[in-house]
Chemist: 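Below is a structure I'd like to ask you about.
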There are 2 protein chains.
Amino acid sequence: MAHRATLTQVAQRAGVSIASASRALNGLVASPATVDKVRRAADDLGYVPDASARALKMGATGQITFAVDDIGNPVYVEMMTGVQEVVAASGFRLQVTATGGTRDVADVLDLLRSMRRGYADGLVLSPLRVTAELVAEIAATPIPVVVIGRLPDGAGVDTVMTDSARGVALAVEHLHAQGRRRIAFLNGPGDTTPGAARRRGFDDAVAHLDVVASTHEAADFTMAAGREAAHRILTAAGRPVDAIVAANDLLAIGALHAAHDLGLDVPGRLAVTGVDDTSLAEIVHPPLTSVSLDSRRRGQLAAELLTRRIEDPTRAPQVLSVPPLLHVRGSSAPTPQAGNR
Amino acid sequence: MAHRATLTQVAQRAGVSIASASRALNGLVASPATVDKVRRAADDLGYVPDASARALKMGATGQITFAVDDIGNPVYVEMMTGVQEVVAASGFRLQVTATGGTRDVADVLDLLRSMRRGYADGLVLSPLRVTAELVAEIAATPIPVVVIGRLPDGAGVDTVMTDSARGVALAVEHLHAQGRRRIAFLNGPGDTTPGAARRRGFDDAVAHLDVVASTHEAADFTMAAGREAAHRILTAAGRPVDAIVAANDLLAIGALHAAHDLGLDVPGRLAVTGVDDTSLAEIVHPPLTSVSLDSRRRGQLAAELLTRRIEDPTRAPQVLSVPPLLHVRGSSAPTPQAGNR
DNA sequence: CCGGGCGCTGTAATCGTTTCCAGGAAGCGC
DNA sequence: GCGCTTCCTGGAAACGATTACAGCGCCCGG
């Protein structure tokens, strides 16, 4: 807990003015002799420039904020990794803020408002729910914002999206090709952006296929909610479903558990697919077929958009998209009798 | 991207001096009339105080940094959650920095040095490896640091530890009580702090038990490394082991996979236990018996120590400890046919 | 020998806040 | 009416850095 040296002290010790000291340290015009003296003095004192003072003077903090709704979900961890990679490479520091639970949209508004204090030079945001208020607040934020997700058309904000509707369709088509004909869709809350998109994808996909389809909503994008909802699906009266398409990996894993609880063989009696292709997909048994939306890549792209916009705030807003990709694993294996486990 | 209003503008609009404006907004002495005028002006202009300027003047940023080695491990996510809870409640903002991969200790030193720039008012650190250099650098850091883990005695740093050696012993004793007698310890890198402690715990525990014990090291605290090492353990010549004690959940899950690859029934032929009791333990099948070190609680405690020290930097350094707790689940069920859960 | 240009330096202003200090206007008791 | 306290206010100095500007010495050509 030693005390910090200031530029004034360095200048004093080197016997020059603070202006010269600053110039010497920043590689601006200065005689070799001065540079040498100042360098030595700075080293002796262990001088490091103060971030707040520099930020105040320069009008830039060198920080970027990533706001995430639910740190518990590995998806966001992966996104964060992607963001961090790019952000660190550009010389920024990453600041992560958890905007509370999934239920509260007020939190993220608070965050946006607090950004006006100038904590960071840019913000990456991945909101679960998009309201008009949110869009307005983003527009009013004095620093560049990049959204991972989907905003209303013409929002004029840099965005990285993915076609998760198409992703769900990929899963449905895959299951259909494997001969599954009674497919249930296990969605998260329908009023969230991903919930709405994935439901649309499911509906569109089943519309032109000869399958018996049904849709169900879990209370949350969590494993517990998925397990509970899957129980309902699997114990409902009538002919049993032979496949569950879950809107995300956590829900899918909940479905795997429900199947196990009920003694249903996966993939023999029931196929299950997830979305996000998180690390969890390879951890469970049977390994989970899942649609990758490449969260890490989305994080990288978002960070790139952001750093580019910080450099040149006049750029036209850009919308990038990452295509979904189906990863087939054991949970949707073609034939029952392959019988792993 | 509207431009930001400054206190000067607010004061002008309210027709008072900036001193009065500042006082009015901060609830210091000011007449009701002034407060009213200033409030109104501030609202009109959408004024929010600038963080950098305030930080410069006050010498405090209102930020706390949490440095984590490996965001991929759910343990750290849980710790982060705990830290965030306390930190947010105290009015600080949390900044998370990933200090690269597990292999590089230089990173965390860089981070510590960069803290001297005054980015934050405090730092929570959970280092995987502790070197003399690290301890020295911590001592030289101008802001309070709290370490989650274990430092050399007398380091004089606030610390939150857990008795992970005892934790491993709990697992061993449990397995012994269930009748397991040929127990393998699946450790991560032995040169890490947790690796060393857990190995010690294992050695001590088996020393006074009638078991055949062996120790093995995986390259990393990851599932892939655990699977690979467990393969070696399970295919070694001689009488087969009937239990694997893994040094963490990821390794344990790797072992579950290896067992499955080899067609070994868990818990029938082989019991497996993990450490950390992460959310993954309940995701796998059979659910993993694991020793909880309550990462979230450790995060909370660390954050509390930190905020308290920030308030009063003269406090004597404190070392807190969280006791390990064994959570028995299916992967170590007593008898194959009991099949609980 | 003198003036212009060049290279380097120091003084001082500035970023947006907070806060010390001095001073003015009331209010009060006498 | 006078002195005192009380309350509020504005001016100005910080915090630690960057940087515009002016000034200094020196070299060089004419």
Side-chain angles (χ1 to χ4, degrees), chain A residues 2-39 41-42 45-63 91 114-121 142-143, chain B residues 2-39 41-42 45-63 91 114-121 142-143:
Chain A
H3 224 83
R4 309 203 354 230
T6 78
L7 188 58
T8 314
Q9 294 169 32
V10 173
Q12 233 159 34
R13 181 175 242 264
V16 300
S17 72
I18 58 167
S20 294
S22 173
R23 280 185 296 246
L25 291 174
N26 290 322
L28 301 182
V29 51
S31 75
T34 306
V35 170
D36 193 60
K37 274 188 297 184
V38 173
R39 281 257 169 74
L45 295 171
Y47 168 79
V48 271
D50 181 78
S52 305
R54 181 174 248 157
L56 174 59
K57 184 66 190 162
M58 312 284 273
T61 60
Q63 288 197 126
S114 84
M115 285 330 281
R116 296 201 206 151
R117 293 166 160 263
Y119 282 116
D121 302 340
I143 56 169
Chain B
H3 226 83
R4 311 207 349 235
T6 78
L7 188 57
T8 313
Q9 294 168 31
V10 173
Q12 234 159 34
R13 182 175 241 267
V16 300
S17 72
I18 57 168
S20 296
S22 174
R23 280 185 296 246
L25 291 174
N26 290 323
L28 301 182
V29 52
S31 75
T34 306
V35 170
D36 193 59
K37 277 187 297 184
V38 173
R39 279 257 169 74
L45 295 170
Y47 169 78
V48 270
D50 180 80
S52 306
R54 181 173 249 158
L56 173 60
K57 185 66 193 169
M58 312 282 274
T61 60
Q63 289 196 125
S114 85
M115 285 328 281
R116 296 201 207 152
R117 293 167 159 263
Y119 283 115
D121 302 340
I143 57 169

Chemist: Hey, could you give me each pair passing salt bridge (charged side-chain N to carboxylate O under 4.0 Å, His left out) that has a residue in residues 18-29 of chain A? Not counting sequence neighbours.
Modeler: none
Chemist: What pairs with B:R13 under salt bridge (Lys or Arg N to Asp or Glu O under 4.0 Å), at least two apart in sequence or on another chain?
Modeler: B:D44
Chemist: So, using side-chain contact (heavy atoms from CB on, under 4.5 Å) as the criterion, who are the partners of A:A55 when residues are at least two apart?
Modeler: A:T61, B:S52
Chemist: Whole angstrom is fine here: how far is it from CZ in A:R4 over to C1' in D:dA17?
Modeler: 12 Å
Chemist: Mind running side-chain contact (heavy atoms from CB on, under 4.5 Å) on B:S22 and B:N26 for me, showing each step along the way?
Modeler: CA-CA 6 Å; B:S22 174; B:N26 290 323; 3.4 Å; yes
Chemist: Rounded off to whole Å, could you give me the CG-to-P distance for the A:L7 and D:dT19 pair?
Modeler: 12 Å
Chemist: Distance-only, no hydrogens or angles: does the B:D121 side chain make a donor-acceptor pair with backbone N or O of B:A60 under 3.5 Å?
Modeler: no
Chemist: Taking CD from A:Q9 and P from D:dA17, how many angstroms apart are they, rounded to a whole number?
Modeler: 9 Å
Chemist: The criterion is side-chain contact (heavy atoms from CB on, under 4.5 Å); which residues satisfy it with B:A51, sequence neighbours excluded?
Modeler: A:R117, A:Y119
Chemist: Contacts to DNA chain D from residues 51-63 of chain A, heavy-atom cutoff under 4.0 Å, which residues?
Modeler: A:A53, A:R54, A:L56, A:K57, A:M58
Chemist: Assign each of A:N26 and B:P32 to its nearest nucleotide of DNA chain D by heavy atoms, then name whichever residue's nucleotide is nearer the 5' end.
Modeler: B:P32
Chemist: Starting from the first five and the last five pairs of the helix from C:dC1-D:dG30 to C:dC30-D:dG1, work out the angle between the resulting helix axes, to 10 degrees.
Modeler: 60°
Chemist: Return the minimal non-hydrogen interatomic distance between A:V35 and A:A30, and the atom names on each side.
Modeler: CG2-CB, 3.9 Å
Chemist: Quick one, B:D50 and B:R4 - any side-chain contact, counting heavy atoms below 4.5 Å?
Modeler: yes
Chemist: Go through the structure and list residues passing side-chain contact (heavy atoms from CB on, under 4.5 Å) with B:Q9, not counting sequence neighbours.
Modeler: B:A5, B:T6, B:L45
Chemist: Quick one: label B:V48 by what it contacts on the DNA or RNA (base, sugar-phosphate, nothing), any heavy atom closer than 4.0 Å.
Modeler: sugar-phosphate
Chemist: Could you pull out all residues at least two apart from B:S31 that satisfy side chain to side chain donor-acceptor pair (under 3.5 Å)?
Modeler: B:T34
Chemist: Below 4.0 angstrom, which residues in residues 14-22 of chain B have at least one non-hydrogen atom near DNA chain C?
Modeler: B:I18, B:A19, B:S22
Chemist: Anything under 4.0 Å to a heavy atom of chain A counts; send over the first and last such nucleotide of DNA chain C, read 5' to 3'.
Modeler: C:dC8 to C:dG16
Chemist: Over how many whole Å does the gap from A:D50 atom CG to D:dA14 atom P extend?
Modeler: 18 Å
Chemist: Heavy-atom distance under 4.5 Å between the side chains of B:D36 and B:P32, does that happen here?
Modeler: no
Chemist: Quick one: are B:L25 and B:L7 in side-chain contact, heavy atoms under 4.5 Å?
Modeler: yes
Chemist: Grab the two heavy atoms, one from B:V16 and one from B:A21, that are nearest each other, plus how far apart they are.
Modeler: CG2-N, 4.1 Å
Chemist: For the pair made of CG in B:D36 and P in D:dT9, what is the distance, rounded to whole Å?
Modeler: 12 Å
